[in-house]
Amino acid sequence: MTKILVTGAAGFIGSHTVDSLLASGHEVVGVDNFRTGSRENLRQATASPRFDFQVMDLTEVETFTGLVRSQRPDVVIHLAGLVSVQDSRADPALNVRLNVGGTQAVIDAVISASVPRVIFASSAAVYGDSDGFPLREDALKQPLNPYGEAKLASEALLAGAARMHGFTAVSLRYFNVYGSRQAPDSPYSGVVSRFVDCCRRNQAPVIFGDGRQTRDFIHVRDVARANMQAALLPGMPSGDYNVSSGQETSLLDLVGLLRAMQPSLPVPKFSAAQSGDIRRSVGDPARWCAVSRFSPRETLSAGLLELVEYHSTESLAASQLLPSCPTKL
Ligand SMILES: NC(=O)c1ccc[n+]([C@@H]2O[C@H](COP(=O)([O-])OP(=O)(O)OC[C@H]3O[C@@H](n4cnc5c(N)ncnc54)[C@H](O)[C@@H]3O)[C@@H](O)[C@H]2O)c1
């Protein structure tokens with residue numbers, strides 16, 4: 001049994017990662033300050049006697065280091081951070097504090113507690129306006145926003161500390177992650193959760209631009225599995241790895257898949273392209289596949305169908321709990 005400390009445990013990817021680790025028989029310490037995560041996401045995990053949870057802001061370095069020193073985990077999976085690109089533009093200092101400062105806090109703690117391995121949630125945002133598709137790890141890095149810059153800086157800080165202090169540092173560059181527990185009610189959340197929410201409401205999805213921009217969608221269970229493999233594989237080498245499906249899907253194709261599942265979904269509305277929106281994004285997962293024998297298990301159409309059904313069950317359950325809507329007189 002391996003003991004793994006997960007930061008951002010109550011978030012979208014964090015809670016799925018915790019569930020996967022617990023299901024595989026490991027001991028997990030979760031840390032989260034509920035900035036964007038929720039207790040609800042941890043409902044399954046909290047039923048396990050192998051799960052310990054601490055409400056904590058990891059940028060409070062002394063407290064966090066104290067926790068890591070007392071828990072002595074075999075691995076830290078660092079997922080906590082400011083996730084919204086828009087927020088990183090609106091408040092670049094907060095982006096640096098939570099994303100770069102958060103990573104430095106993890107580095108300080110793992111050095112102090114001699115933790116041998118750290119897995120870091122990096123992002124396709126490090127590539128920004130790159131070329132040569134599918135993107136390989138050595139592609140040009142030209143982040144288009146402070147969020148991508150902070151991820152790139154975090155990767156460099158971790159790699160440098162790992163070399164100097166002799167621990168393993170693995171940065172996993174997730175592409176567009178989708179699946180259950182991703183909040184659809186924020187204008188900043190992933191395009192899949194927003195479009196699936198449109199299915200639930202039977203409202204026209206809004207596409208910014210012409211809809212021909214592409215993304216590489218990867219299911220959150222595949223990302224959780226990648227996190228778990230990176231944490232547990234014997235002899236895992238330090239480095240940067242794309243965690244992507246390798247499949248390029250346009251937003252028009254995405255809406256097409258959803259309309260095939262739900263023919264009553266209205267045709268999309270188009271709005272002005274958002275500044276800084278990249279045109280193409282698709283990652284080459286070959287490096288990660290070679291190390292981990294990883295290949296994504298979830299197809300986009302099956303993952304979308306599951307998500308549409310998950311949200312319709314959820315809203316049905318909610319409507320049964322709520323009193324019926326008052327009728328306007
Ligand atoms: N969702 C994606 O498509 C995607 C893609 C690439 C990379 N990532 C990265 O994966 C990680 C997880 O993202 P997510 O989509 O699950 O987002 P999320 O917002 O659901 O999860 C982040 C979690 O971190 C917690 N947190 C934030 N700051 C904290 C702090 N200082 N101390 C303690 N907890 C803190 C939040 O409360 C939240 O539960 C992030 O680092 C994100 O940048 C996500």
Side-chain angles (χ1 to χ4, degrees), residues 5-19 29-42 45 53-61 63-64 67-68 76-88 91 94-106 109 118-128 143 145-155 158 171-186 188-194 215-224 226-227 230 240-245 281 283 303:
L5 188 145
V6 180
T7 75
F12 163 50
I13 299 172
S15 60
H16 281 279
T17 301
V18 168
D19 288 348
V29 181
V31 175
D32 206 293
N33 66 354
F34 295 123
R35 185 176 181 276
T36 49
S38 70
R39 278 190 198 278
E40 176 59 22
N41 287 346
L42 293 172
F53 182 71
Q54 303 288 329
V55 182
M56 189 179 288
D57 185 329
L58 77 129
T59 62
E60 286 168 16
V61 182
T63 318
F64 180 65
L67 174 74
V68 180
V76 171
I77 301 182
H78 174 41
L79 305 169
L82 176 143
V83 180
S84 158
V85 167
Q86 282 81 351
D87 286 354
S88 81
D91 193 344
L94 183 67
N95 170 57
V96 170
R97 188 169 76 75
L98 296 187
N99 285 339
V100 184
T103 303
Q104 187 59 51
V106 169
V118 180
I119 314 304
F120 169 58
S122 189
S123 166
V126 300
Y127 298 112
N145 47 60
Y147 169 78
E149 295 283 4
K151 289 291 181 188
L152 200 52
S154 288
E155 285 186 4
L158 256 176
S171 290
L172 299 180
R173 295 178 184 151
Y174 314 144
F175 279 62
N176 280 63
V177 189
Y178 74 98
S180 60
R181 303 179 190 161
Q182 193 172 31
D185 47 355
S186 152
Y188 311 133
S189 70
V191 64
V192 170
S193 61
R194 282 191 287 117
R215 295 293 179 265
D216 182 329
F217 296 107
I218 179 139
H219 195 277
V220 68
R221 276 197 298 269
D222 281 327
V223 173
N227 287 339
D240 314 317
Y241 301 89
N242 289 337
V243 173
S244 66
S245 71
S281 178

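Along the sequence shown, the residues carry numbers beginning at 1. Atoms considered below: every heavy atom in the structure, side chains included; atoms not considered: hydrogens, waters and symmetry mates. Note that ligands are numbered from 1 as they come in the structure, with each ligand's atoms numbered from 1 the same way.
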Using distance alone, decide if ligand 1 has a nitrogen or oxygen within less than 3.5 Å of any nitrogen or oxygen in [X].
X: N176; value: no
X: V31; value: no
X: L82; value: no
X: L58; value: yes
X: I13; value: yes
X: T59; value: no
X: L98; value: no

Atoms of ligand 1, numbered as shown, that sit under 4.0 Å from any heavy atom of [X]:
X: R35; value: 37 (O)
X: G37; value: 36 (C), 37 (O), 38 (C), 39 (O)
X: A121; value: 9 (C), 10 (O), 11 (C), 41 (O)
X: F34; value: 37 (O)
X: S122; value: 6 (C), 7 (C)
X: M56; value: 32 (N), 33 (C)
X: S123; value: 6 (C), 7 (C)

Shortest protein contact, atom 21 (O) of ligand 1 (heavy atom only):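 The closest heavy atom on the protein side is G11 CA, 3.6 Å.
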Report the nearest protein non-hydrogen atom to atom 37 (O) of ligand 1: residue, atom name, distance rounded to 0.1 Å.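 The closest heavy atom on the protein side is D32 OD1, 2.6 Å.
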Flag, side chain of S122 to backbone of E155, donor-acceptor distance under 3.5 Å: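 No.
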Holding to ring pair (Phe, Tyr, Trp, His ring centres under 6.0 Å), I want the full list of residues that pass it with Y178, two or more places apart in sequence or in another chain. H219
Only counting residues at least two apart or in another chain, list the ones meeting ring pair (Phe, Tyr, Trp, His ring centres under 6.0 Å) with Y241. W288
Would you indicate whether the side-chain heavy atoms of T63 and M56 approach each other to under 4.5 Å?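 Side-chain contact under 4.5 Å: yes.
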Side chain, backbone, both or neither: the part of Y178 lying under 4.0 Å from ligand 1 by heavy atom: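 Y178 to ligand 1: no contact under 4.0 Å from either part.
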Salt bridge (Lys or Arg N to Asp or Glu O under 4.0 Å) between D19 and R221, intermediate numbers included: CA-CA 10 Å; D19 288 348; R221 276 197 298 269; over 6 Å; no
